[in-house]
Amino acid sequence: MLKNPSIVVSGGIIACILCLLPLNFSAQTSSDIQSYVAQFKQIALEQEKTYGVPAPITLAQGILESGAGRSGLTRNANNHFGIKAYGGWTGRIYLAWDDEATKSKFRWYNSASESFRDHSLFLKNNSRYRSLFSKSIYDYRGWANGLQRAGYATSPTYAKALIGYIDTYKLYAINGGVKLRPGKTITITKTITKEELVGRKDLQLEETEESEEQESFEKTILKFVVEINGVRCTILYPGETLSSIAMKYDISKRDLLLFNETTSENDFQEGDIVFLGKKKKKYEGAQDFYRAKEGESLYTISQRFGIKLANLSKMNLKDSFSLLSEGEKLRLK
């Protein structure tokens, strides 16, 4: 389980900064995720019993898609899974940014229960997900990879992210399952009981062992920041895209690209800093200079310190794309 990050005043560049921000810009912490699971696990178990969607998968998707219930779409429209108002939807709609040039129409629910039920029906009634329902409800790895292959999300790390959440927060135990070994799936030849599953040591990963997804997930989450140089920012979580960040923080993808001084969301990798506002002309913290590390560029330093690339280039009389030498001294203000 992740430890709660410490609260530190903004200004310096550190591994983890949690500042007090307006609710619509706050991000999920470990305690937020635990609270989300406690609040919605019973609803997820009801969906599993009624529709056959594994409760750990439902919860992991809800955590990822809603930012553990913190996104504007979830708080304002009870939409936990980012389902758009397509497919003959006749209910209320909510406008939010994602990957379109204008705000997209999302389904607006009267309650979280309605959102969870609609998510189950969305999977159950869509032919592209039909093969998933031949898998065991305990086979969260098979379900996660199947969702990605079926195109549920565009992120290439979507399955890894779901498994990371399930392994890290022990969501597999919610329906009586076990932590599965990487690459292992549960083949259904008959109805498998919880007791039989627990007895299959060849499928189980010891609780003290970290899965590859869990290790990657925890390392990325520990890099999380929410403010650099007085500018709000986040990181690209496992399973996220710039479009999902746009939806979560109600900022257009066009503005996100502008704030981060790039033209393509393909320039972002898992764990990268994503600014939610314009960077500043100089660094306003105590540090005046910075020595470049191996492989760093002016752009990575501008992201690291929240300084506009053009201003950083001008201060140091360098072209924006010039190569930096290890140990090279750069002005920050």
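For reference, positions follow the sequence shown, starting with 1. These numbers were taken from a predicted model, which means no experiment stands behind them.
Rounding to the nearest 0.5 Å gives a distance of 4.5 Å between CG of Leu332 and CD1 of Ile307. Atom CD1 of Ile163 sits about 11.5 Å away from atom CD of Gln214, to the nearest 0.5 Å. To the nearest 0.5 Å, the span separating CG on Leu330 from CE on Met315 amounts to 9.5 Å. To the nearest 0.5 Å, atoms NZ (Lys279) and NZ (Lys308) are separated by 9.5 Å. Here Ile57 contributes atom CD1 and Ile174 contributes atom CD1; the two are 11.5 Å apart, rounded to the nearest 0.5 Å. To the nearest 0.5 angstrom, Lys318 atom NZ is 12.0 Å from Ser297 atom OG.
Proximity of a side-chain donor or acceptor of Lys333 to a complementary backbone N or O of Gly285 within less than 3.5 Å is detected. Ser71 contributes no side-chain N or O that, together with a main-chain N or O of Gly67, makes up a donor-acceptor pair within less than 3.5 Å. Side-chain N or O atoms of Arg75 include one that pairs as donor or acceptor with a backbone N or O of Arg70 at under 3.5 Å. In this structure a side-chain-to-backbone donor-acceptor pair under 3.5 Å is present from Gln148 to Pro156. Although no hydrogens or angles enter the test, the distance criterion places no donor-acceptor pair under 3.5 Å between the side chain of Ser216 and the main chain of Glu212. Within the 3.5 Å criterion, the main-chain N or O of Ala150 finds a donor-acceptor partner in the side chain of Arg128.
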**Request:** Any chance you could lay out the side chain to side chain contact (heavy atoms under 4.5 Å, CB included) test for Arg304 and Tyr290, step after step, and finish with the verdict?
**Result:** CA-CA 11 Å; Arg304 182 180 176 90; Tyr290 175 76; 3.6 Å; yes

**Request:** Could you walk me through whether Ser113 and Glu46 pass the side chain to side chain contact (heavy atoms under 4.5 Å, CB included) test, one step at a time?
**Result:** CA-CA 10 Å; Ser113 296; Glu46 290 169 3; 5.9 Å; no

**Message:** Go through it in stages, so that I can follow the logic: the residues are Glu265 and Leu256, the test is side chain to side chain contact (heavy atoms under 4.5 Å, CB included), and I'd like the CA-CA distance, side-chain angles, deciding distance and then a yes or no.
**Reply:** CA-CA 9 Å; Glu265 65 177 306; Leu256 287 175; over 6 Å; no

**Verdict with reasoning, Ile33 to Tyr165, per side chain to side chain contact (heavy atoms under 4.5 Å, CB included)** = CA-CA 9 Å; Ile33 293 171; Tyr165 276 115; 3.8 Å; yes

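Classification of the Tyr140-Tyr172 ring pair by plane angle, with boundaries at 30° and 60°, yields parallel. Between Tyr158 and Tyr152, the two ring planes are parallel [angle under 30°; tilted spans 30° to 60°].
The ring pair (Phe, Tyr, Trp, His ring centres under 6.0 Å) search around Tyr299 returns none, not counting sequence neighbours.
Every pair passing side chain to side chain donor-acceptor pair (under 3.5 Å) that includes a residue from residues 77-87 is listed here, sequence neighbours excluded: Tyr36-His80, Lys84-Asp98.
Hydrophobic cluster membership differs between Phe106 and Trp97, with clusters built from Ile, Leu, Val, Met, Phe, Trp and Tyr side chains linked at under 4.5 angstrom.
The ring-ring contact (aromatic ring centres under 6.0 Å, His included) test with Trp89 is passed by exactly one of Tyr94, Trp108, Tyr109: Tyr109.
By the 6.0 Å and 45° rule, Lys160 does not stack over the aromatic ring of Phe217.
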